[in-house]
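These notes concern the structure reproduced below.
Reminder, nothing fancy here: chain letters follow the sequence lines and each chain counts from 1. Both backbone and side-chain heavy atoms feed into the values below; hydrogens, waters and symmetry mates do not.
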Number of protein chains: 2
Amino acid sequence: MKIEIKDLIQDGPKYVLPNISVDSVIFGYHEKELKVLLQRPQGISKWMLPGGYVHRDETIKQAAERVVKNRTGLDRLFLNQFQSFGTPTRTKDSELTPALFAEINQMELDENHWMFDYFVSIGFYSLTEFSKVVPSGEFYLEECTWWNIGDLPSLLYDHQEIIEAALKALRLHIYHYPIGYELLPEKFTLPEIHSLYETILDKTFDSRNFGKKLIATGIIKKLDERRNIGAHRAPFLYVFDMENYNQALENGYALFV
Amino acid sequence: MKIEIKDLIQDGPKYVLPNISVDSVIFGYHEKELKVLLQRPQGISKWMLPGGYVHRDETIKQAAERVVKNRTGLDRLFLNQFQSFGTPTRTKDSELTPALFAEINQMELDENHWMFDYFVSIGFYSLTEFSKVVPSGEFYLEECTWWNIGDLPSLLYDHQEIIEAALKALRLHIYHYPIGYELLPEKFTLPEIHSLYETILDKTFDSRNFGKKLIATGIIKKLDERRNIGAHRAPFLYVFDMENYNQALENGYALFV
DNA sequence: GCAATAGTGTCTGTAAGACAGTATATT
DNA sequence: AATATACTGTCTTACAGACACTATTGC
């Protein structure tokens, strides 16, 4: 169900749950860079996470999926709930008050408008190949772009804290579950998956030990095929062994204890 | 702030956030038994988790602490947020409808009363020494008692699922952070802490390896003192090394990888 | 002496982690 | 030839996990 913006602002709680939002930390990986997708509302200098409300006929996870799909155009994502945030003042910010919001959007808004009440936010994170994504905004957004992790702009509310918690959760996740299926081409090289892990964890791994261990888990298989990468020795290609991969997704494993 | 029940029922959203609840899975340990504290509303045969609403001037964690304190009389607890639950139908149960609730409590209640709307629940778990606890109910409760994990009664809503998720989270937690400080006397024996771990994880550990490893972590220290336990060899006493313990609490460690 | 529990040391196998030189492809 | 990247094997060390007998206490 698509809800009109006007109806939402005027009569929100009729369509969505009041006092609850979902915020998504959308991580994007591409060629040794890890980024986060952020948006900036009109007339505001601070940036914020893509977020939204929970429709009355959907689950919180579906709400997060809808938000991510709206911003990235992608569905069938890796999407994990990691933590909920609820302190009475977390959504008070002098940068974005009801009065300012009303002025910028040329509307009338009560000081106690439901959108500016105490909100509990349920945090999800997602991880995508960012070259596949065409970031797209919405009526009230001025920009929506990728930012390098570790070089973030000034953020609204407690969104800085949410991003940090998401990154921590993502890194913990990686030690227990395989990743890469959504991020790498079907056939990839050892150096590629090696860089993926190093970038996300912000660590270096010895290439000999890394390959040894990853192959030992059984989640990747070597092909009898190489990729031509120009002026250097051609690397072998690998694919995920989906049976082992999915089993590790379900049961977990210990990588790099 | 103490809110009167009547005001809450009639005018809830004025005092608390609508559509949000906190539910607490309160685990109790005592002499090799792991239990969960459950309550049963008047006139209902199914049991449920202690839960409550979030006051407009408190954080979600404070709300959970308040709930736990009301049921157990304990504060200064080990209390962790683990997951939020939100599906539109999760709080529909033929066992507890608005009509039934109204009838049992002899009041009038609209079919669309705010208490029976779509609720997103934020799950917390806590772990206490259950002999310290005097379970106490509230106006609408008929019973509030401990149930053995693995021998639970029929539960309202999705509370069975919430308990399972909490137990999983607790067990994961134990592999990464020390426990025991809230659960054991100041001076305790190796067999005591050994039983604690075995009970919570529902596993057995070789006593020689267990002691070796736990001491190696530095979180416990052997005293030159024994406990007299009657007709058997007197065991040595240990205390937690609070400096190492707290450090492990903050940074985590790997126990029994 | 019996019953019940506490306490303790060694060995083996596995795997993590350190480490550097050779091979290949292009210009 | 020069350059840039891919590829590979061995050694050491640490720790997990298996394993069983002796010590103590009260009755």
Does atom CD of B:Glu31 have more than 12 heavy-atom neighbours, drawn from other residues, nucleotides or ligands, at distances under 6.0 Å?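 Open: at most 12 neighbouring heavy atoms sit under 6.0 Å from CD of B:Glu31.
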Pairwise side-chain contact, A:Arg66 with A:Glu58, heavy-atom cut-off 4.5 Å (strictly under):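 Counting from C-beta outward, A:Arg66 and A:Glu58 do come under 4.5 Å.
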Consider the side chain of B:Arg208, meaning its heavy atoms from C-beta on, and name the nucleotide among C:dA6, D:dA20, C:dA20 that approaches it most closely.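 Of the candidates, D:dA20 comes closest.
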Side chain of B:Asn209 only, please: which of D:dT8, C:dT26, D:dG17 is the nearest?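 That would be D:dG17.
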Check step by step if salt bridge (charged side-chain N to carboxylate O under 4.0 Å, His left out) holds for A:Arg227 and A:Glu192. CA-CA 11 Å; A:Arg227 166 172 301 162; A:Glu192 279 171 349; 2.3 Å; yes
Please state how far atom [atom1] in [X] lies from atom [atom2] in [N], giving the value in whole angstrom units.
| X | N | atom1 | atom2 | result |
| --- | --- | --- | --- | --- |
| A:Phe236 | C:dA25 | CZ | C1' | 14 Å |
| A:Phe205 | C:dA16 | CZ | P | 12 Å |
| A:Leu255 | C:dA15 | CG | P | 14 Å |
| B:His194 | C:dG7 | NE2 | P | 12 Å |
| A:Arg227 | D:dA4 | CZ | P | 21 Å |
| B:Tyr238 | C:dT8 | OH | C1' | 10 Å |
| A:Leu223 | D:dC7 | CG | P | 12 Å |
| A:Ile215 | D:dG9 | CD1 | P | 11 Å |

Give a yes or no on whether a donor-acceptor pair under 3.5 Å exists between the nucleobase atoms of [N], that is its base, and the side chain of [X].
| X | N | result |
| --- | --- | --- |
| B:Lys222 | C:dT8 | no |
| A:Asn228 | C:dA25 | no |
| B:Arg233 | C:dA6 | yes |

Let me know, please, whether A:Lys212 or A:Ala234 comes out on the 5' side of the other along DNA chain C by nearest nucleotide.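 Counting from the 5' end, the first nearest nucleotide belongs to A:Lys212.
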If each of A:Pro191 and B:Arg226 is mapped to the nucleotide of DNA chain D with the nearest heavy atom, which maps nearer the 5' terminus, i.e. the 5' end?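 Taking each residue's closest nucleotide, the earlier one in sequence belongs to A:Pro191.
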Which is more 5' along DNA chain D, the nucleotide nearest A:Asp206 or the one nearest A:Ala231? Just name the residue.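 The residue closer to the strand's 5' end, by nearest nucleotide, is A:Ala231.
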Think A:Lys203 has a side-chain N or O under 4.0 angstrom from the OP1 or OP2 of C:dG17?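 Checking C:dG17 against A:Lys203, no side-chain N or O comes under 4.0 Å of OP1 or OP2.
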Examine C:dG17: is either OP1 or OP2 under 4.0 Å from a nitrogen or oxygen in the side chain of A:Lys213? Give yes or no.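 Result: yes.
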Among A:Ile215, A:Ile193, A:Leu214, which residue satisfies the side-chain contact (heavy atoms from CB on, under 4.5 Å) criterion with A:Tyr238?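 Output: one option passes, namely A:Ile215.
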Tell me whether the centres of the aromatic rings in A:His173 and A:Phe78 are closer together than 6.0 Å.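 Ring-ring flag for A:His173/A:Phe78: true, centres closer than 6.0 Å.
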